[in-house]
Number of protein chains: 2
Amino acid sequence: MLRENRHRQLLRLLREEGVLPVGQIAERLGVSEATARRDLDDLGKAGRLTRVYGGAVAREPVERPFAEEAVDDLADKEALARRAAAEVEDGDVVLLDIGTTTLQLARQLHGRKITVATSNLAVYEELKDDAEVTLVLLGGQVRPNYRSLVGHLTESSLGQLYADRLFLGTSGVLPDGRVLDTTDVEVPVKQAMLNSARQVVLLATARKFPGTGTARICGPQDIDVLITNQASDPDTLAVFREAGVEVAVEVVQA
Amino acid sequence: MLRENRHRQLLRLLREEGVLPVGQIAERLGVSEATARRDLDDLGKAGRLTRVYGGAVAREPVERPFAEEAVDDLADKEALARRAAAEVEDGDVVLLDIGTTTLQLARQLHGRKITVATSNLAVYEELKDDAEVTLVLLGGQVRPNYRSLVGHLTESSLGQLYADRLFLGTSGVLPDGRVLDTTDVEVPVKQAMLNSARQVVLLATARKFPGTGTARICGPQDIDVLITNQASDPDTLAVFREAGVEVAVEVVQA
DNA sequence: TCACAGTCGCGCAAAGTCGCTCACTCGCGC
DNA sequence: GCGCGAGTGAGCGACTTTGCGCGACTGTGA
């Protein structure tokens, strides 16, 4: 990536987060810590940020992204998102489901040379100013409360797409491996997504076992990879493994 | 390709992307990196762009056609938008083109019991939290600088819609009534819009006569209503009237 | 005060980019 | 046809940037 681009992105990151350690800056910019340090020095000398021992602080006012506090198991979701981001390869076309877990994933995808297609309006907000990411919005009716697009337009858009990877969220996973959702209107969209991707990755934190939900999205046989965390019900995970699903269990440190 | 042409295209690319590495510039211009570098040097010396190691940055704040043009002839645009809003009836399905004029119209449509379909991301921002307006986004690739959606997804979404009214913006109207636009990728979208609406309303402030633009969107016969203001070229307006267009001329007080 | 873990700064090798030169093509006038 | 000049693409040495290792430094807790 161009240094100029990196600098911009660094400042944007800092505006969002307020404070960041060098290690995370390096990781999220996809460069070594040495380079991250050099960038920090440059921008520090230019007065665009304040350098502190071990990282940097935003000089410009921090703009808090909307309802971040509304997310309950944020740490878990972040961990899953980091793991999911590692699955993504440069050049991929990635399809992101609605929900907050996939939003966390989007935040990990900044600066990647990929195409992101989504009906998740929070993901749009997150990635719209990223110069590297090509962003595609599916059509559909806006549902402000769920920050999503739904309807036959969404489904027909999906019919025109084929993604390398789909990252699917869920409201609950039953012991027999059924993947659920709470809102009926989202179901056909999710099912259309399943048909528009080569690989399907399900993101589900421990609290999604069994979680809630009334409508069945799919079964374990439709999933290729399940990313979850330690505390998840082992019996359910076994069901997924039996169905040939690659199960990745993340350890989340408190 | 002629060098002059290439330079123009390079600047346009840069305006859209903000930052670009030499490799991508060369590729998208269809020349070798050596030539791309020479072009960058020329334009850098002429002060048209800022050269950075490995690429180039658009001169000064990335030209946001929006932010700037939005304040240009704002009073005119507001007047046209008010008039246009009066055309809209409750229950209508309204299709809004990209651009700043239609954004002004969106501002006038708050609280109306209507459905708004658009590829204009500024309109989405404006109306997303409005409880009365049902908002439908067309799909497509996000172009952050123009705050629009483009591509075959946008066109195919339009194929699934039929609106009561289309409100069309333009970059210029020729004396013979041809309606123009500057950016090629938007043209098929606008044309698809023309085919998806019962009534077509063109919004064009005085400065759009003749304005700018290289690509033809449509002719006067495709327009049902033209909303413009006093200062517009009367000969051009006559052409529209002859073609059976209802021409509404707004008086704007300074 | 001291130990220790984490962070920083510097030198070095590798990779990428730049600027220069040179050969080639094309259009133009003689 | 032939030379001329402008523009382009390729090769090559010089330079810049990057990532890594190592020793010096800073902050924290005993």
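Every chain is numbered from 1, with letters handed out A, B, ... down the list of sequences.
Residue-to-nucleotide proximity on DNA chain C shows that, of Val52(B) and Asp41(A), the 5′-proximal contact is made by Asp41(A). Nearer the 5' end of DNA chain C, as judged by each residue's closest nucleotide, is the contact made by Arg51(A), out of Arg51(A) and Arg51(B). Nearest-nucleotide mapping onto DNA chain D: of Tyr53(B) and Arg38(B), the residue sitting toward the 5' end is Arg38(B).
The distance between atom CG of Asp39(B) and atom P of dG7(D), rounded to the nearest whole Å, is 11 Å. Between the CD atom of Glu27(A) and the C1' atom of dG19(D) there is a distance of 17 Å, given to the nearest Å. A straight line from CD of Glu33(B) to P of dC12(D) spans 17 Å, rounded to a whole angstrom. Rounding to whole angstrom units, CD of residue Glu4(B) and C1' of dT8(D) are separated by 17 Å. Rounded to an integer number of Å, the gap from CD of Gln24(A) to C1' of dG6(C) is 16 Å. Whole-Å rounding puts the Arg6(B) CZ to dG7(D) P distance at 10 Å. The nearest whole Å value for the distance from the CZ atom in Arg37(A) to the P atom in dT7(C) is 8 Å. Taking atom CG of Asp42(B) as the reference point, atom P of dT8(D) lies 9 Å away to the nearest angstrom.
At most 12 non-hydrogen atoms from other residues, nucleotides or ligands lie less than 6.0 angstrom from CZ of Arg48(B).
Judged by distance alone, with hydrogens and angles left aside, the side-chain atoms of Thr154(A) form a donor-acceptor pair with the main-chain N or O of Gly139(A) at under 3.5 Å.
Remark: Thr35(B) is in phosphate contact with dG9(D), judged by side-chain N or O atoms under 4.0 Å from OP1 or OP2.
Heavy-atom minimum distance, Asp76(A) versus Asn229(A): OD2-ND2, 2.9 Å.
Checking dT8(D), dT18(D), dC8(C) against the side-chain heavy atoms of Arg3(A) singles out dT18(D) as nearest. Relative to the side chain of Ala34(A), the nucleotides dT18(D), dC20(D), dA10(D) differ in distance, and dC20(D) lies closest.
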* Does the pair Thr236(B) and Val173(B) meet the rule for a side-chain contact (heavy atoms from CB on, under 4.5 Å), with working shown? -> CA-CA 8 Å; Thr236(B) 311; Val173(B) 180; 3.9 Å; yes
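Taking 4.0 Å as the cut-off between side-chain N and carboxylate O, Arg216(B) and Asp181(B) do not count as a salt-bridged pair.
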